[in-house]
Amino acid sequence: MNKNIFIICVTALMLGLSCNKFEGEQTVPAFVSVDAIGVANDPGNSVSNYSGCFTSNIDAVQITVRNSEENHRLGVFELPCRVPVLRQGNYTISLQPVIKLNGIAATRSIYPFYRDIDIKDQTLVADSCLSLGTLSTTYETQFFRKVWEEYFEPEIPTLSLPDTIVHRVSAADTVRSDRGCGAVYLAPGQSAATFISNEEFTVNNNSTLFLELDYWTNVPLSVGLCSRTSLNSRYDTYYAISLYPNFEKGWNKIYIQLGRLWSQYNYYKSFHVAFQAVNNNGIEGKVYIDNIKLTAYKDIAKGR
């Protein structure tokens with residue numbers, strides 16, 4: 001008998017909480033839906049002439065509704081999404097593009113170099129859906145700096161080492177975008193191939209450092225830095241991430257956060273970007289890469 005009374009009491013309490021959840025003047029929500037978000041060039045401040053600069057992998061969005069009286073953050077939602085809003089009337093819908101840091105869903109974050117999308121004068125109506133469809137963001141050029149970019153459109157790539165040849169291929173069924181991409185091939189008996197940027201890059205603002213990369217590989221591919229901790233120290237290469245083979249799935253876009261790895265070099269201002277393909281299965285290794293962008297905030301001292 002006591003057990004039954006306990007169950008009845010718990011059930012009543014849960015029903016009471018469920019009712020309280022929707023107490024207030026509005027009990028029927030409006031809805032906001034977003035299909036997808038891509039990246040476009042800014043006609044007023046062009047970032048690149050290559051379409052490969054604007055490949056993206058924005059898989060979530062943070063949504064805020066605001067007007068002169070309030071600023072109501074709804075949260076982060078995977079795309080496509082249909083989000084309930086307990087608000088009615090005229091609002092600005094603010095959307096912040098969200099990406100997976102290092103390709104990990106658990107570490108989704110707003111990408112600092114994409115602009116917010118503000119859609120003004122939108123009317124929210126209870127039990128009605130405001131469909132925003134597919135939207136576009138642009139790079140935040142006020143703060144954004146392209147430290148390095150490689151789209152493999154020139155004939156000579158900016159990646160190489162004496163023992164590794166980075167080819168430029170142009171086959172339509174291989175290239176990610178535009179006319180070319182980079183390729184590294186490993187013979188069945190070749191265990192690894194390491195290749196780094198020809199140029200040593202200099203960054204004076206150590207707050208944020210990302211590498212954007214499109215890749216398509218049948219062997220693991222590690223990405224990191226080659227640098228030193230001081231002017232008189234030796235160069236060492238460390239890797240921030242190892243990318244799994246994705247040959248059956250096709251090209252993938254990733255945003256690699258290099259700031260934590262950079263801190264291991266005491267944020268020494270000059271470094272190379274390093275790659276290593278590892279072939280443990282004795283197969284013919286194929287690594288295709290394209291649309292590389294090393295991005296950072298503009299240098300504080302120089303404003304660029």
Check: Got Arg66 and Asp118 here, is their nearest side-chain heavy-atom distance under 4.5 Å?
Finding: yes
Next item on the list: Measure across Tyr151 and Ser48 and return the closest heavy-atom pair with its distance rounded to 0.1 Å.
Entry: CE1-OG, 4.0 Å
Check: Phe144 pairs by ring pair (Phe, Tyr, Trp, His ring centres under 6.0 Å) with which of Tyr114, Tyr111, Tyr139?
Finding: Tyr139
Check: Is there side-chain contact between Val98 and Phe77, with heavy atoms separated by less than 4.5 Å?
Finding: no
Next item on the list: Using a strict 4.0 Å threshold on nitrogen-to-oxygen distance, state whether Lys293 and Glu149 make a salt bridge.
Entry: no
Notebook entry, point to check: So, do Tyr215 and Tyr288 have ring centers that fall under 6.0 Å from each other?
Noted result: no
Next item on the list: Indicate yes or no: at least one non-hydrogen side-chain atom of Phe210 is less than 4.5 angstrom from one of Pro112.
Entry: yes
Next item on the list: Consider only side-chain heavy atoms of I, L, V, M, F, W and Y, link residues closer than 4.5 Å, and tell whether Leu124 and Ile119 are in one cluster.
Entry: yes
Checklist line | Side chains of Asn102 and Thr107, donor plus acceptor under 3.5 Å | finding: no
Checklist line | Pairwise distance CZ(Arg176) to NZ(Lys253) - rounded to 0.5 angstrom | finding: 8.0 Å
Check: Is a side-chain donor-acceptor pair under 3.5 Å present for Tyr185 with Gln190?
Finding: no
Notebook entry, point to check: Within a strict 4.5 Å, meaning less than it, do heavy atoms of the Ser233 and Tyr268 side chains meet?
Noted result: no
Next item on the list: Applying salt bridge (charged side-chain N to carboxylate O under 4.0 Å, His left out), name anything that partners Glu248, two or more places apart in sequence or on another chain.
Entry: none
Margin query: I'd like to check Asn57 versus Ile254 (side-chain heavy atoms, cut-off strictly below 4.5 Å). Are they in contact?
Written below: no
Next item on the list: Take Phe275 and Ile292 through the side chain to side chain contact (heavy atoms under 4.5 Å, CB included) test and state the conclusion after the steps.
Entry: CA-CA 12 Å; Phe275 301 83; Ile292 304 171; 4.3 Å; yes
Next item on the list: Locate the shortest heavy-atom distance separating Ile283 from Val219; write the atom from each residue and the value.
Entry: CD1-CG1, 3.9 Å
Item checked: Ring centroid separation Tyr297 to Phe113 under 6.0 Å -> yes
Next item on the list: May I ask you to check whether Trp216 and Phe247 place their ring centers less than 6.0 Å from one another?
Entry: yes
